[in-house]
Amino acid sequence: MKKRFIITAALPYTNGNLHIGHLSGVFLPADIYSRYLRSLKKKLIFISGSDEHGVSILIKSIKENKNPKFIINKYHKVIKKNLKQMNISLDNYFRTSNKLHHNFSIKIFNKLLNKNFFLKKETYQYYDKDYNLFLADRFVIGVCPYCKYKEAYSDFCEKCGIILKQKDLKNPKSILTNKKPIFKSTINYFLNFKKLLNQIKFLKKKFKKLKFSSKIIKYISNFIKSKINNRSITRDLNWGVKIPHYKKKVLYVWFEAILGYITSTINWAKRNKKKWYLYWKNKNSKLINFIGKDNIIFHSLFYPLIIKNYDKNYILPNYINVNEFLNFNGKKISTSKNRAIFINKFLKYLPDFVDTLRYTLIIDMPINKDTNFTWEKFKVYNNNYLIGILGNYINRVIVLLNKYNNSKIPSKILLNHNQKKILKYIYKYPKKIGKLILKFKFKLALLKFLNLARFGNKFLSKTSPWLMGKNTIEFNNILFISSQILGYICFLSNYFLPNFYKKMLKLLNLNTNNIYNIKNKINFLPCNHKINKSKLIFKKINKSFYKIFNKINN
RNA sequence: GACGUAAUAACUCAGUGGUAGAGUAUUGGUCUCAUAAUCCAAAAGUCGGGGGUUCAAAUCCCCCUUACGUCACCA
């Protein structure tokens, strides 16, 4: 049976718009990976969706005096549209507020409940009387008993870095009302990590075998070594996946959000008349998660423990690609503090620079450590790399063909030994780039791609065909080789720069079917093939753009 | 405080045991097919500090310094 791939990008939380962090952290790497597998004609689905529950959205809705549904509808719509505009090639973008998702999550919860999988426990929590709401630790602020910091959370003081017990906090205040919350008892269900220790150890072994990033292995190791706290998976809220027979309780957002990949697939399968379980309950399937470092625990522990105890036929991740964070101007991106480049704003002011943004975010992808986005880099990448190296090369070759050869790929060629070697070298590029992509080295893959244009520029400068007579064998040879480089650039660009790819196809008068031949050593631009007149693809960024950058910042 | 990640040329980074690499910026030059682009060359680093293992360390181990991140009922 043919292998099936499930590629997932972490679900963005709908308390704000899509920003560059989402793209560089999960959507772009997942997109490149998916585009590559598609070019090999693999069977795959690339899925994601909106994560629309949780207390943060409820708090936002209270503060803005709106219905939570209004908030999620507003952001879901824009995020979905923005992903498409950025050419993220998702097969399905679903949402966790959908009934299908609710039913599926409850089905799993109920079965586990009946199996006595959860621990039932009474805890005391802060409670806001005015809003009838139990408050998460982050929503109670007070004075730190150690350093007297006035805005310490009830579980953690940011200033002195000390973990607090709820009762330690002095002068606790609800962030909703600024009033003192009361302490009240409640009963919730917990994931019994202590009881699941053997399963966790098994997962660690399994992930180690699969060569998961050491970030994940170390995380689980530490988790096992530390004093494991069981984690509640129900909440006293009226916003979320409601649990039947338990009034005023919903599932903890991550208990169900992690199942969103499955429900997104079910939704996709229904619309396309496919069988979703051939992906999720099939030993020949491969699940690859793309996530940020903030949700390692949910993908490496929550999901496997929940799903395997529900039905052992479900598959576990074959790889979890964890990225660090992208900062903006040296500071952490924050949706709530409005510190980010939001994609809808970017597209409003710079709609022609989608590929430049993709390039910038891929080159500076936070693979090993946090990286930093600046407009200065954005400009350099656009002007020096995309225009100087890439755009310039294709324009040089196309103009040469336009001017000297009637816009046709030369036909009378007779390659010498050295020139044949050059062609062979070019044929190796798809494989080289593919290998890097499969190893999740997206930045190196893109650099390799750009190298092809660099190689072309050097080749042209060394050989200087414009100094030769038209239609001599040597002239034809050089233009033929340069054209093949052009063809490879065109097809390989599809992984990284989809808009550029589409424009190149038009310029070169090619169709997309050829892309499936990229595994073979093939000349995409055969002799006598006619191309179109040269047209500039990238726009230059000059000083006047800084006004636009500032508009996008604010 | 605990844990994690990092520290390499002015800048951004690549390089996991075998004579220090790339791009940008700088300086000089070449070319005109090209979006003042390209291409060639020069200059630029005792690879954070100290110790250890080894014939051999940027790379492995230990200690220190500095920066960033995480620390669980936020997502």
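Residue numbers begin at 1 in each chain, while the letters A, B, ... track the order of the sequences.
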How many Å lie between [atom1] on [X] and [atom2] on [N], as a whole number?
X: A:Phe298; N: B:A72; atom1: CZ; atom2: C1'; result: 8 Å
X: A:Tyr385; N: B:G23; atom1: OH; atom2: P; result: 9 Å
X: A:Leu447; N: B:G15; atom1: CG; atom2: P; result: 11 Å
X: A:Leu301; N: B:A75; atom1: CG; atom2: P; result: 18 Å

Under 4.0 Å, heavy atoms only, any strand: does [X] hit a base, just the sugar-phosphate, or nothing?
X: A:Asn383; value: nothing
X: A:Asp294; value: base
X: A:Tyr13; value: sugar-phosphate
X: A:Lys293; value: sugar-phosphate
X: A:Tyr219; value: nothing
X: A:Ser56; value: sugar-phosphate

**Asked** Are A:Tyr425 and A:Phe455 close enough that their ring centers fall under 6.0 Å?
**Response**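 They qualify: ring centres under 6.0 Å apart.
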Would you please name every residue forming a ring pair (Phe, Tyr, Trp, His ring centres under 6.0 Å) with [X], sequence neighbours left out?
X: A:Phe496; answer: A:Phe449
X: A:Phe298; answer: A:Trp254, A:Phe302
X: A:Phe459; answer: none
X: A:Phe538; answer: A:Phe500

**Request:** Would you kindly check if the NZ (Lys) or CZ (Arg) of A:Lys121 is within the cone defined by 45 degrees around the ring axis of A:Phe190 and under 6.0 Å from the six-membered ring centre?
**Result:**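 Pair A:Lys121/A:Phe190 counts as cation-pi.
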Please tabulate the protein-to-nucleotide N/O contacts below 3.5 Å involving nucleotides 32-36 of chain B, giving atom names and distances.
from	atom 1	to	atom 2	distance (Å)
B:C33	O3'	A:Lys403	NZ	3.3
B:C33	O2	A:Arg396	NE	3.0
B:C33	N3	A:Arg396	NE	3.1
B:C33	N3	A:Arg396	NH2	2.7
B:C33	N4	A:Arg396	NH2	3.1
B:A34	OP1	A:Lys403	NZ	3.1
B:A34	O3'	A:Asn395	ND2	3.3
B:A34	O2'	A:Asn392	OD1	3.1
B:A34	O2'	A:Asn395	ND2	3.3
B:A34	N3	A:Asn392	OD1	3.3
B:A34	N3	A:Asn392	ND2	3.4
B:A34	N3	A:Arg396	NE	3.2
B:U35	N3	A:Phe538	O	3.3
B:U35	O4	A:Phe538	N	3.2
B:U35	O4	A:Phe538	O	3.4

Return all side-chain donor-acceptor pairs below 3.5 angstrom for residues 359-366 of chain A, not counting sequence neighbours, or 'none' if the list is empty.
from	atom 1	to	atom 2	distance (Å)
A:Thr360	OG1	A:Thr356	O	2.8
A:Asp364	OD1	A:Tyr381	OH	3.2
A:Asp364	OD2	A:Lys377	NZ	3.4
A:Asp364	OD2	A:Tyr381	OH	3.3

Could you work out which one of B:U24, B:A75, B:G23 sits closest to the side chain of A:Arg454?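 So the nucleotide nearest the side chain must be B:G23.
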Problem - Given B:C39, B:A75, B:A72, the nucleotide with the shortest approach to the side chain of A:Phe223 - result: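 So the nucleotide nearest the side chain must be B:A72.
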Can you list every stem that RNA chain B is part of, counting only runs of 3 or more consecutive Watson-Crick or G-U wobble pairs with both distances under 3.5 Å?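 For RNA chain B the paired stretches long enough to count as stems (3 pairs minimum) are B:1-7 with B:65-71, B:10-13 with B:21-24, B:26-29 with B:39-42, B:48-52 with B:60-64.
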For [X], check side-chain hydrogen bond (donor to acceptor under 3.5 Å, both in side chains) against everything at least two apart and list the hits.
X: A:Tyr126; value: none
X: A:Asn402; value: A:Ser407
X: A:Trp239; value: none
X: A:Asn192; value: none

Say you pick atom [atom1] in [N] and the same atom in [M]; how far apart are they, in whole Å?
N: B:A9; M: B:A44; atom1: P; result: 14 Å
N: B:G4; M: B:C62; atom1: P; result: 11 Å
N: B:A6; M: B:A14; atom1: P; result: 10 Å
N: B:C60; M: B:C11; atom1: C1'; result: 30 Å

For nucleotides 10-14 of chain B, give me every protein contact, N/O to N/O, under 3.5 Å, one pair per line with atom names.
from	atom 1	to	atom 2	distance (Å)
B:C13	O2'	A:Lys443	NZ	3.1

Polar side-chain atom of A:Asn382 near backbone of A:Lys539 as donor-acceptor pair, under 3.5 Å:
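At least one qualifying donor-acceptor pair exists.
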